[in-house]
Participant: 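So that we are looking at the same thing, I have put the structure below in structure tokens.
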Amino acid sequence: MTLKELKAHFTNSLSDLYPSEEIQSFFTILSENYLQLSRIEIALNPAKEISLETKTIFQKALLQLLNNEPIQYILGETEFYGLPFKVNKHTLIPRPETEELVEWILSEVKNIQGIEGEFNILDIGTGSGCIAISLAKNLPTSIVSAIDFSKEALKVACQNANDNQVEVHFFQADILKTAQLPKQYDLIVSNPPYVREMEKKMMQQNVLKYEPDSALFVSDADPLLFYRVISQLAKKHLKPNGNLFFEINEYLSEELRVFLKEEGFQNIEVKKDIFRKNRMIKCNLHERP
Ligand code: GLN
């Protein structure tokens, strides 16, 4: 079988399920990973003979794609904020909007003048570790800790910290049962579960079938549960000038803003993602002069 025939078979098999640009992008990503061939090299070598072994690997990936499995889980890795991250079914696939949250945090932290001494960061519900690790990488003098309730997710996060050569202090804890955090922080960040059960019907099969429910969903009756618990902890464990950052449900930003205000948080700022959806919020406990 030639490369051209492999591609034609791959494209035809997936054409009922995915748009053609997406199929093209799957084929390119798989070729880069399995054949070390770039898109240009694929185009330039249509007659290249494909080994039986390669055909088998592509066939396996094809079946997984036919079952709606995300390409990131098929390969076991993805990229976030320019860094490589391992992912599996115990971790969410990092989203571009979370990169925007990291970008916002970095621009704010770099604006905070006169940071002296330790700068302590805590990421709650770290999953693959993408927020904690990209902050550690870009704020090399900070001390970054991260919590998750899932031991399996923490294994992935630890490996990602090693792969990216940063030190992050990971610990296992269920934030809903945590009364006390280990220390005081300059910055607490979380991308907690925030999708309401009622929103499931608007979601894609690849998310619903493969990504961890526990990282995504909250009950319709109490969608701000994690925000409530985390902001209570933040009240006790943020340093006087510390900041709290959250990724948020686009439909709940106003409710959350009101809640944080009632809790005594100040300088509450909601920020939109590139799709113009209210996607992140920042606040702190003290009025700046
Ligand atoms: N933004 C994610 C999604 O749309 C949800 C992430 C989360 O619940 N924290 O699937």
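Worth saying up front: this structure is predicted, and the values here are computed from it rather than measured. Note that these values count all heavy atoms, side chains included, but never hydrogens, waters or copies made by symmetry. When a ligand or atom number is given, it counts from 1 through the structure's own listing order.
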Participant: Give the residue, atom name and distance (to 0.1 Å) of the protein heavy atom nearest atom 3 (C) of ligand 1.
Facilitator: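 It is Arg95 NH2, 3.5 Å.
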Participant: With a 4.0 Å cut-off on heavy atoms, is Ala215 touching ligand 1?
Facilitator: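 In this structure, Ala215 qualifies as a contact of ligand 1 - some heavy atom is under 4.0 Å.
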Participant: Of all heavy-atom pairs between Phe259 and Tyr227, which one has the smallest distance, and what is that distance?
Facilitator: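 Looking at all heavy atoms of both residues, the closest pair is CE2-O, 4.2 Å.
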Participant: To the closest 0.5 Å, what do you measure between CZ (Arg279) and OG1 (Thr98)?
Facilitator: 8.5 Å
Participant: Which atoms of ligand 1 are found less than 4.0 Å from any heavy atom of Asn191?
Facilitator: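 By the 4.0 Å cutoff, the relevant atoms are 7 (C), 9 (N).
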Participant: For the residue pair Ser51 and Thr54, confirm or rule out a side-chain donor-acceptor distance under 3.5 Å.
Facilitator: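 Yes, Thr54 and Ser51 have a side-chain donor paired with an acceptor closer than 3.5 Å.
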Participant: Got the closest protein heavy atom to atom 1 (N) of ligand 1, with its distance?
Facilitator: Tyr194 OH, 2.9 Å
Participant: Is Asp186 salt-bridged to Lys239, going by a charged N under 4.0 Å from an acidic O?
Facilitator: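 Salt bridge: yes.
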Participant: Using a 4.0 Å heavy-atom threshold (strictly under), name the region of Glu97 that reaches ligand 1: side chain, backbone, both or neither.
Facilitator: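 Within the 4.0 Å criterion, Glu97 contacts ligand 1 through side-chain atoms alone.
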Participant: Are the charged groups of Arg95 and Glu211 less than 4.0 angstrom apart, N to O?
Facilitator: yes
Participant: With a cut-off of 4.0 Å, which atoms of ligand 1 are near a heavy atom of Pro192?
Facilitator: 7 (C), 8 (O), 9 (N)
Participant: May I ask you to list the atoms of ligand 1 that are less than 4.0 angstrom from any heavy atom of Glu247?
Facilitator: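 Those atoms are 1 (N).
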